[in-house]
**Q** 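Pasting in a structure now, in structure tokens, and then I'll have a few things to ask.
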Amino acid sequence: MADGWRWDATLFEGAAAHYERGRLPYAPGYAETLAAALGLDHRSRVLDVGCGPGTVTLDLAPLAGETIGLDPDSGMLAEARRRAGRRKVPGVRWVLGRAEDLPGDLGGGFQAVVFAQSFHWTDRDRVAATVLRMLAPGGAFVQVGDVKSAPPAVYAEIGDLVRRHLGPVRRAGQGALVNGTPGREDLVLARAGFGPVERIVVPAGEVVERTPDDLVAWTFSRSGSAPHLFGDRLAGFEHDLRALLGQGPFPERLPATEIRLWHSAQHTYTYAHTEEADDAE
Ligand SMILES: C[S@@+](CC[C@H](N)C(=O)[O-])C[C@H]1O[C@@H](n2cnc3c(N)ncnc32)[C@H](O)[C@@H]1O
């Protein structure tokens, strides 16, 4: 957990509706690359923790057996269900909850427990220790994220505008992140008993032309500028944001995707899996 910051349920409040439009997709083929690296097949159990609107869950579901998406934000799960319907990906189980609630009734035997841009929001030592016990032999703790590259200049201008409206310190739920979110998950996972990391980079995709609407959605999809933070000044902020963006378009290359895998360093006690998959939350 970030220094001096406490998690609360408003962290991504109102962000879900903006997520799909605002966020850039992971690199083409990243899910197939991940599935091949893990040897996933129709018998594999996969859990996507902090699944948001089902971004990775829905890409992995056709490549695995039982797939579960877990997130504490009910708006994100509603969006995930809608997208599953639209993309005709049946049979995913969506669970409302935090990583800290695991294993809950999910049991063990997972080939992959995935955190795509979500592990930094959790009580990492506690969650890593739990995940280790939820993995099947040969299973892996997986992190998925964007490879950082210099962002187009407009993002710095949006950041300046957000700070003018919300203050200089990055907001997160009802609190603020004085030192940002924590890194060095390699140390956390080593402490928990995982082995060395295996890193795979899936190359970047094409250049896309982003519209002002896309960048407004990007802004509201982020915890640090989620709609709830602006209160009754939301319309004023959006007015200033659109004035800043003008007509666009904003060309941007889809980022490369980084996949990091950690297998358990030694044999550990694992949770038994006895539950049948269902659609309950
Ligand atoms: C940046 S979004 C990533 C969504 C998705 N995984 C993706 O890659 O597009 C982070 C997600 O983590 C979820 N999250 C925040 N704190 C969490 C926690 N303690 N346990 C599980 N998920 C959490 C948020 O609700 C949000 O949906």
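Start at 1 and go down the list; that is how both ligands and their atoms are numbered. The structure displayed is predicted, hence computed values, not measured ones. In this chain, residues are counted from 1 in sequence order.
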**Q** Checking the side chain of Arg126 only, and the main-chain atoms of Glu100 only, is there a donor and an acceptor separated by less than 3.5 Å?
**A** yes

**Q** Would you be so kind as to tabulate the donor-acceptor pairs closer than 3.5 Å made by side chains of residues 26-40, with sequence neighbours excluded?
**A**
residue, atom, partner, partner atom, Å
Tyr26, OH, Gln117, NE2, 2.8
Tyr30, OH, Asp59, OD2, 2.6
Thr33, OG1, Gly29, O, 2.9

**Q** For Arg242, does the CZ atom have more than 12 heavy-atom neighbours from other residues, nucleotides or ligands under 6.0 Å away?
**A** yes

**Q** Any chance the rings of Phe141 and Phe119 have centres within less than 6.0 Å?
**A** yes

**Q** Go through the side-chain N and O atoms of Asp213 and Thr211 and say whether any donor and acceptor fall under 3.5 Å apart.
**A** no

**Q** Could you list, one pair per line, each nitrogen or oxygen of ligand 1 together with any protein nitrogen or oxygen closer than 3.5 Å, giving atom names and the distance rounded to 0.1 Å?
**A**
residue, atom, partner, partner atom, Å
ligand 1, 6 (N), Gly50, O, 2.8
ligand 1, 6 (N), Ala116, O, 2.9
ligand 1, 8 (O), Tyr26, OH, 2.6
ligand 1, 8 (O), Ala116, O, 3.3
ligand 1, 9 (O), Tyr19, OH, 3.3
ligand 1, 9 (O), Thr55, OG1, 2.7
ligand 1, 16 (N), Trp7, NE1, 2.9
ligand 1, 19 (N), Glu100, OE1, 3.0
ligand 1, 20 (N), Ala99, N, 2.9
ligand 1, 25 (O), Asp71, OD1, 2.7
ligand 1, 27 (O), Asp71, OD1, 3.4
ligand 1, 27 (O), Asp71, OD2, 2.7

**Q** For the CZ atom on Arg87, are there more than 12 heavy atoms of other groups (residues, nucleotides or ligands in this structure) within a distance under 6.0 Å?
**A** yes

